[in-house]
Structure formats: structure tokens, C-alpha cells
Amino acid sequence: MGFLISSANLGYLVAGLLLKDLASFPEYLLNWSHVAHIILGLVIGSRMAPVILSSVLLTYMGLVSCTIPQHANLVLSYLWMFFRSVSLCAGILGFCRAAGPKLRAACALVLVAMVVQVSRTLLPLFIAEDVLPRLSTERFSVETPEVRAMYCEDPVMRSRLGLICEPLEPLSWEEAEKRAAATLATISSAERHSLMQGIGWTALPKWLPAPLPAFPRRGYYMGNTPPIPRLGIPALKLHDAGNGFRNMPYPLGKVGTTIMWPCSLAFGATWDDTLIGQVAAAIGREYRGKGSNLILGPSVQVQRVARNGRNFEYMSGEDPYLGARLAAAYVRGVQSEGVIACLKHFGFNEQETRRMDGNSVVDERTAWELYYPPFESGVAAGAGSVMCSYNKVNGTHACANEELLIRDLKLKMGFRGFVMTDWWALHDRPEAAVVRGLDQEMPGAGAETFFYAAALEALEQAGGGEYKGYLGLPKERLYMEPAARILAAAFKMHLMERPSCTPGTDCVEAIESDQRSKANNDLARRVATESVILLQNDGVLPLRAESGLKTVALIGHALAARSWSTAEIGMAGDYYSGGGSGHCYVSDEQLATPLDRIQQRAASLNWKILTSLSHNVTEALAVARQADVSIILAATTAEEGKDRESLNLDDNANELIAAVAKDGRPTVVLAQVPGAVLMPWREDVSAIALMFLGGEHTGSAWASVLFGDVSPSGKLPVVIPISDEATIQPGLEGDVPYSEGLFTSYRAEDAAAKSAFPFGHGL
């Protein structure tokens with residue numbers, strides 16, 4: 001066993017050597033925890049610790065010296081955290097073994113203290129607690145589709161339960177601000193500051209391996225503020241994301257209790273703002289039933305980098321006008337259900353590579369004509385909040401950028417809601433953020449955190465903060481501005497007039513409640529179907545009985561792929577929902593694969609079905625040669641935190657498709673993707689249809705289009721390029737100049753030559 005562990009550690013050390021980044025070595029050298037672990041390793045080595053324990057420590061020292069980027073690869077990131085934690089534990093155990101009896105007793109106390117610390121830290125993640133004052137002494141009644149069906153016609157129960165049975169009309173900003181001002185006149189500074197920083201997350205010990213530095217406690221949402229019962233102010237309960245409620249496994253939620261909707265880029269492919277308004281309203285009802293009153297969406301950035309790992313989340317595609325139309329429809333739809341919309345990510349967050357420290361360099365014309373219109377439109381539709389992004393913009397981090405947040409957003413666009421950070425996106429102290437347009441920090445624990453009440457109070461007492469004065473307000477008024485805007489957004493959506501659970505025990509039932517309904521399932525199926533884009537067709541589609549077909553070959557492992565994150569919390573994407581904070585969860589029973597649905601339809605026509613559920617070319621050719629037509633489903637996915645390595649489909653799908661098509665029989669290719677992909681075989685196949693990650697009804701959507709139940713109506717919201725080189729690449733340096741200006745996508749002078757299928761195309 002010792003040999004195996006040592007060998008594994010040595011292999012990981014070699015990986016570190018291959019991936020080293022000497023430029024960032026000083027940063028790691030100055031990190032106290034790394035230095036402490038190195039010293040501990042040297043101490044243990046000097047005391048003749050066991051070989052196994054020493055090998056772990058030496059491996060970790062190798063990691064530090066090689067400076068493996070912790071976010072470069074998910075597997076490496078987890079291994080990094082694992083070895084860091086094991087190093088500390090190994091150090092203590094090794095020291096205890098080498099020490100004398102007296103020191104062993106001290107070691108035992110240290111180990112007990114570590115166990116107690118971990119237990120106290122992790123307990124609130126699994127057992128809900130009541131630590132906040134409840135808004136109401138009455139038990140909160142969860143709103144489900146069944147409750148609405150039962151009581152919407154009963155005015156007494158409807159009022160008592162706070163049901164919204166018709167679209168809600170938000171207050172005007174003037175009236176909302178008037179009510180906020182009245183409340184602000186009676187609020188204490190401590191209460192005001194409590195609105196400006198999230199709560200409910202537990203920071204984990206730095207030596208404990210985890211994908212995030214903190215996690216929300218049981219009964220809490222992705223973002224929370226405390227209620228202020230004496231003023232009737234409910235807790236803000238923020239949750240991911242714009243393409244559906246992020247319904248994670250226990251203890252953070254209950255899988256399968258909301259719809260896995262198509263991704264937001266699929267919304268964009270419908271080019272139907274009326275439909276997207278209906279979808280947003282349906283998602284809003286699910287959020288309200290879950291107890292949330294603020295949805296962390298929609299994501300409306302105009303896409304610039306085709307390989308961006310989060311393009312599946314961005315409904316604007318590559319066009320500002322398309323994005324503007326859909327953003328407004330989404331905001332109006334979700335807010336008609338009493339849920340505050342959050343436009344994100346502002347701004348110029350068009351790649352995941354170096355998203356924490358990259359500096360987007362953008363001129364004003366490019367900003368206003370290409371990247372701002374979806375945000376402007378969402379603001380005009382009444383969006384209550386905006387999320388600032390991780391990156392820098394023209395040299396200053398977005399969440400402390402006065403030109404971005406005040407000059408452009410609040411003044412020129414006329415935004416009257418509040419600005420929150422992305423999670424851990426604030427890199428500046430309160431004096432460099434509060435007076436420069438930031439209103440709220442999330443999540444309030446773990447990593448870099450700044451908006452503590454004491455720090456905000458000290459800032460005001462000292463009259464601190466430097467700013468350029470775009471708003472023309474004195475500092476005293478700027479200090480009040482965040483709370484005024486947060487309260488105005490809450491009043492606008494009538495949050496003070498409806499029952500609301502308080503995070504903790506009070507919200508557990510709502511978070512775990514079943515919000516699925518037949519109406520929402522039907523709508524999700526419809527939007528998935530209407531997002532399908534038929535790129536080419538020589539007449540082989542639709543598949544009909546009268547066409548003389550008798551045998552169909554179904555090829556590709558994506559046909560039977562399951563959702564990859566149904567039972568565990570993770571950032572991984574799959575072929576139905578992209579990875580990260582935008583990932584939605586369903587149970588295996590709720591997800592019907594494309595294979596299931598296509599086989600059902602073919603069986604109803606008494607057709608023979610042959611399958612090759614792999615990418616083995618020999619096996620695929622064997623079934624294709626027995627069939628009248630071959631249907632190949634090829635796919636890829638993407639996830640937050642990193643850009644796609646290429647625009648290729650997974651597992652050498654291009655070679656598989658080319659081989660089957662070359663054999664001469666009719667070949668239909670279905671592409672299930674998170675954004676633009678390469679199709680070098682396009683001229684050799686009979687038909688191509690594309691769907692951006694379509695959620696749990698992907699299989700039904702494919703079957704409806706293939707068999708002619710629905711005529712495909714989707715249009716490309718992005719260009720399908722002829723090559724990876726024909727697209728803008730992620731910037732690898734600190735500065736990311738938008739030197740192409742307006743000329744991205746179809747606006748580029750050589751767009752036609754670089755496009756396999758142009759923007760807007762769809763048969």
C-alpha cells in the first residue's frame with residue numbers, strides 16, 4: 001500500500017512539473033498556509049516519519065514549488081485540495097508517531113480539536129438551525145402547484161397564503177423609492193448594513209478539501225440577507241440560475257423537484273420573445289414556490305469567444321438586438337411572478353480563462369453598440385438587480401468600477417435597482433467599493449470578504465472612500481444609497497406584502513417542495529422543440545412511414561447518456577445541462593434519453609432499430625450498412641470556470657460521422673451542444689439538426705422533429721465556424737483587448753468566408 005501511495009504521489013508530482021507556472025511562484029511562496037506546510041514537512045522529515053506520510057508531504061511541496069493552477073482542471077483542483085489536507089494531517093500523525101509520550105498527549109489534543117472544529121463547521125450544512133428572527137410567528141405555508149389549483153379561486157385563502165394567481169404588476173420605481181425612503185428614515189445603521197452583505201454560508205477550514213471555500217447552510221439559499229421583522233422587511237433569498245432552479249442534492253435541496261429547463265442559449269435559438277416571457281414566468285413560479293424571491297438571472301452577455309465555457313447560459317447569442325428583445329421579455333416574465341430579476345454578468349465577462357484577474361479593454365462605442373444593449377433593455381423592463389462580474393474592465397475590477405456601475409449603468413442606462421457581486425467577486429475594501437456603485441456583497445463568507453458590518457460602520461464614521469462623484473451626492477448620501485436601492489427593489493416587487501419564510505428551519509420545506517407541474521413540463525418540452533435548428537436537409541427528414549424506411553441505425557453514446565450530476569453536488573456539465581452554477585438537476589427516472597424517445601416512435605411504425613451506442617467506427621459501420629438511414633447523435637458540453645479546449649464534438653465524433661457518411665447511405669447528424677461547434681463533415685451528410693443543451697425533454701424534442709410532428713423553427717443565435725481559428729480565441733494575457741470592436745460574428749468583414757452556417761440560419 002505504501003508503494004502504491006508513493007507511486008501515485010510521484011505521478012502527481014510529475015504532472016506538477018509539466019504544468020508549472022513559474023511566473024506565479026512568488027504568490028504561492030508568500031501564502032502562509034503553503035509555507036507552514038512546507039516547514040511542517042521538513043520537521044517531519046527530520047524526525048524520521050514513516051515513508052508513506054513523508055511522501056505525501058513531499059508531493060505537496062512539489063505542488064507548491066510547481067504552482068499548479070488550482071482552477072486549470074477540475075480533477076487537478078480536487079487533487080490539490082486533497083493533498084493539501086492530507087499533508088497537514090500526515091504531518092501531525094507523523095510527528096505524533098516520532099514524538100515521545102508527553103508530546104503524543106499534546107498531539108491527541110490537537111487531533112481532537114481538529115475533529116471538533118470540523119464537526120462544528122459541517123453540522124449546520126446538514127442540520128437546519130434557527131438563528132435568525134422570523135418575519136412572522138405563523139408557520140410559513142409552502143406554495144405548490146397543487147395549492148394554487150386548490151385556493152386561487154378562494155379570495156380569503158389566496159390572501160392569507162399570499163398566492164399570486166395572475167401576473168403581478170410591479171410598483172413604479174417612483175412609488176417604490178418613496179416607500180424605501182420612508183423605511184430608511186427609521187432604520188438603524190446596523191440594520192442598514194445587514195442588507196449589504198450575504199449570510200448563511202459556512203466558511204470551511206482552509207486545510208479541509210472542498211470545491212468551494214464555503215457552503216450554504218441547510219435551509220438557506222445561494223444568497224441570503226437577514227429579515228428585519230420590526231420593519232416588516234423579509235429576507236432576500238437569492239438562488240441560481242436563469243435557466244431553472246438549481247435544485248441540488250441533499251443537504252442543499254432535493255433533486256427532481258423542479259424542471260430541468262433548456263439552457264438560456266436554447267432560449268435564444270427560438271427567437272421568440274413571447275415564448276421566453278412565458279418560460280420566465282413559469283420559472284418564476286417555481287422559484288416563488290421554493291421560497292426564493294430573487295433569481296440570479298438572466299445571463300445576457302453578448303458572446304465574443306466561441307469557446308467560452310458559459311456560452312450556454314447567455315441567451316443573447318452573438319447579437320445585441322436579439323439579446324435586448326429576450327432580456328426584456330425574460331425580466332417582465334419572471335418579475336410578473338413576484339421574483340426579482342438579476343441581469344448578469346456586468347460587464348465584458350466574455351471568457352472564463354483568467355476570469356478573476358483578466359482585464360477587458362473596451363472602447364465606448366463597442367460597449368454601447370454591441371455589449372450594453374441587452375442590459376439596457378433589461379433595465380428598461382424594470383430589472384431589480386444587476387450582478388457585477390469577476391474581471392477587470394479598463395484596469396479596474398468590475399465590482400468597484402465607478403465608470404461601469406455608476407456612470408454607465410446607474411446614470412446613462414437609468415438603472416434604479418441594486419448591484420450585487422458575483423460570489424467572491426469583490427477584490428476591494430469598502431472604501432473603494434461602496435462609494436463607487438456597489439450595493440451588496442455575496443455570499444458573505446469564505447475567500448475574500450469585505451462588507452462586514454464593523455468595516456462599513458468604520459467607513460462611515462471616518463468619512464472614508466474616494467470617488468469621482470458621478471452621482472453628484474455627498475458621501476453621507478452615498479453611504480445610504482445601497483440600502484435605499486435594495487429596499488426599493490423589494491418594495492417594487494411587493495415583497496413586504498407577502499408571506500416569506502426565514503432562512504433556516506423555516507425554509508427547509510419550501511426548498512425541498514415539489515414544484516413540478518404538467519403545465520411546466522409541457523412548456524419545457526415546447527421550448528426545447530422550438531429551439532431545434534435544422535441546418536441542412538436533402539429531403540431525408542422528416543422520417544415517415546410512406547418514405548419506405550424499414551430499418552434505422554441509431555449511433556453514438558450520447559443517445560443513451562444520463563445526466564452526470566443527479567446524485568452529487570458538482571460543477572460538471574452533461575449533455576442536457578451545462579456545468580457550474582447554471583446546472584439543473586433531475587432524477588434518472590425523470591430524464592428520458594434521446595434513445596428512449598426515438599426508439600418509442602420508431603417502434604410505433606414497426607421499424608427495425610439497430611444501435612451502436614459507442615464511437616467504435618467498425619461497430620457503427622456494421623449497423624449502418626444494414627439500415628436505410630443512420631442517425632448519429634454527437635454531443636459535447638461545457639462548464640463554468642474554464643473555457644472549452646476546442647470546438648470539436650466529444651470522443652472523436654468527427655471521425656465517426658465522416659466514416660459513416662463516406663459509406664454512402666443517408667446519414668442524419670444530431671448535434672447536442674453548449675455553443676458553436678465544428679462540422680467538417682457537413683457536405684457529406686444528408687441532414688444536420690442542432691440543439692443547444694435542451695434539458696430533460698431533449699429526447700422528446702429530437703423525436704418530434706425527426707418524425708415530423710413539429711416543423712423545426714429554431715435559428716442560429718451564433719455563427720457555426722469553419723474552424724477554431726476562424727473565431728476569437730480566449731485572451732491568455734492579463735489584458736484582453738477588444739480590438740476587433742464591433743466586428744465580431746456576422747459583422748466581421750470576412751464573416752461569410754469563416755462561416756460554415758451563418759448567424760440566423762435555420763431551415
Side-chain angles (χ1 to χ4, degrees), residues 239-246 258-284 286-287 295-304 306 308-320 322-334 339 341-346 349-350 352 373-375 377-378 381 383 386-387 389 422 523-524 526-528 530-533 573-584 637-640 672-676 690-698 701 714-718:
H239 207 74
D240 300 317
N243 48 297
F245 191 88
R246 188 184 181 189
T258 52
I259 302 294
M260 179 193 275
W261 296 86
C263 72
S264 295
L265 187 55
F267 297 167
T270 69
W271 291 61
D272 188 337
D273 50 0
T274 300
L275 176 60
I276 299 314
Q278 295 170 4
V279 170
I283 292 174
E286 291 187 345
Y287 268 72
I295 182 172
L296 295 171
S299 300
V300 300
Q301 290 114 292
V302 174
Q303 297 179 21
R304 174 177 180 267
N308 185 351
R310 298 187 77 174
N311 278 350
F312 68 91
E313 294 186 60
Y314 303 149
M315 67 172 65
S316 299
E318 294 171 341
D319 187 69
L322 174 63
R325 289 283 294 268
L326 297 180
Y330 191 104
V331 168
R332 285 193 292 264
V334 79
V339 176
C342 178
L343 300 169
K344 66 180 190 181
H345 305 87
F346 193 68
N349 178 210
E350 275 74 50
E352 290 297 279
F375 290 97
S377 182
V386 167
M387 181 187 292
S389 53
D422 203 338
L523 186 58
R526 177 187 167 192
V527 73
E530 295 195 15
S531 75
V532 174
I533 305 160
D574 54 47
Y575 296 153
Y576 307 98
S577 181
S581 57
H583 187 73
C584 294
T637 190
E639 63 191 53
E640 179 180 351
Q672 209 164 292
V673 296
L690 180 146
M691 184 195 305
F692 299 110
L693 306 176
E696 65 178 271
H697 292 291
T698 294
K715 309 294 180 186
L716 283 174
V718 298

### Side-chain heavy-atom pair Leu322, Pro717 within 4.5 angstrom cut-off
yes
### Query
For Met315, does its backbone N or O pair with a side-chain atom of Ser264 as donor and acceptor, under 3.5 Å?
no
### Message
For the backbone of Ile533 and the side chain of Lys715, can you confirm whether one donor and one acceptor N or O come within less than 3.5 Å of each other?
### Response
no
### Query
Stepwise, does the side-chain contact (heavy atoms from CB on, under 4.5 Å) test hold for Asp422 with Lys344?
CA-CA 9 Å; Asp422 203 338; Lys344 66 180 190 181; over 6 Å; no
### Smallest separation among heavy atoms of Tyr287 and Ala241, with atom names
OH-N, 2.6 Å
### Task
Side-chain contact test, heavy atoms from C-beta onward, threshold under 4.5 Å: evaluate it for Leu690 versus Val532 and give yes or no.
no
### Task
Assess the pair Phe346 and Phe375: is the distance between their ring centroids shorter than 6.0 Å?
yes
### Pro262 to Gly694 - nearest heavy-atom pair and separation
CG-O, 3.5 Å
### Query
Do Gln672 side-chain atoms and Tyr575 backbone N/O form a donor-acceptor pair below 3.5 Å?
yes
#### Entry: Gap between atom CD1 of Ile259 and atom SG of Cys584 - 0.5 Å precision
10.0 Å
### Message
So does Thr270 get a backbone contact from the side chain of Glu530, meaning a donor-acceptor N/O pair under 3.5 Å?
### Response
no
### Query
Within the side chain of Gln301, is there an N or O that forms a donor-acceptor pair under 3.5 Å with the backbone of Asn349?
yes
### Query
Roughly how far apart are Phe267 CZ and Asp272 CG, rounded to 0.5 Å?
12.0 Å
### Task
Check Ala327 against Pro374 and note the closest heavy-atom contact, atom names and distance.
CB-O, 3.5 Å
### Task
Of all the heavy-atom pairs spanning Val302 and Glu350, show the shortest one and how long it is.
O-CG, 3.3 Å
### Query
Within the side chain of Glu352, is there an N or O that forms a donor-acceptor pair under 3.5 Å with the backbone of Gly309?
no
### Task
Kindly determine whether His583 and Tyr576 satisfy side-chain contact (heavy atoms from CB on, under 4.5 Å), including the steps that lead there.
CA-CA 9 Å; His583 187 73; Tyr576 307 98; over 6 Å; no
### Message
Using every non-hydrogen atom in the two residues, find where Gly578 and Leu693 come nearest and quote the distance to one decimal.
### Response
N-CD1, 3.4 Å
### Task
Please step through side-chain hydrogen bond (donor to acceptor under 3.5 Å, both in side chains) for the pair Ser581 and Glu640, ending with a clear verdict.
CA-CA 7 Å; Ser581 57; Glu640 179 180 351; 2.8 Å; yes
### Task
Decide yes or no for Val527 and Ile276: does some side-chain heavy atom of the first lie under 4.5 Å from some side-chain heavy atom of the second?
yes
### Message
Before you tell me yes or no, could you show the steps for Asn311 and Val718 under side-chain contact (heavy atoms from CB on, under 4.5 Å), namely the whole-Å CA-CA distance, both residues' side-chain angles and the distance that decides it to 0.1 Å?
### Response
CA-CA 10 Å; Asn311 278 350; Val718 298; over 6 Å; no
#### Entry: Side chain proximity check, Trp271 to Leu326, heavy atoms < 4.5 angstrom
no
### Task
Give a yes or no answer on whether the side chain of Ser316 reaches the backbone of Val300 with a donor-acceptor pair at less than 3.5 Å.
yes
### Query
What distance do Gln303 atom CD and Phe312 atom CZ have between them, rounded to the nearest 0.5 Å?
11.0 Å
### Message
With a 3.5 Å distance limit and no angle check, can you tell me whether Tyr330 reaches the backbone of Arg325 through a side-chain donor-acceptor pair?
### Response
no
### Task
Determine yes or no for a side-chain-to-main-chain donor-acceptor pair under 3.5 angstrom, with His697 supplying the side chain and Arg526 the backbone.
no
### Query
Hey, what's the ring geometry for His239 with Phe245, parallel, tilted or perpendicular (30° and 60° as the breaks)?
parallel
### Task
Kindly indicate, with the supporting measurements, whether the criterion side-chain contact (heavy atoms from CB on, under 4.5 Å) is fulfilled by Leu265 and Glu313.
CA-CA 6 Å; Leu265 187 55; Glu313 294 186 60; over 6 Å; no
### Query
If every non-hydrogen atom of Gly242 is compared with every non-hydrogen atom of Ile295, which pair is closest and at what distance?
CA-CD1, 4.2 Å
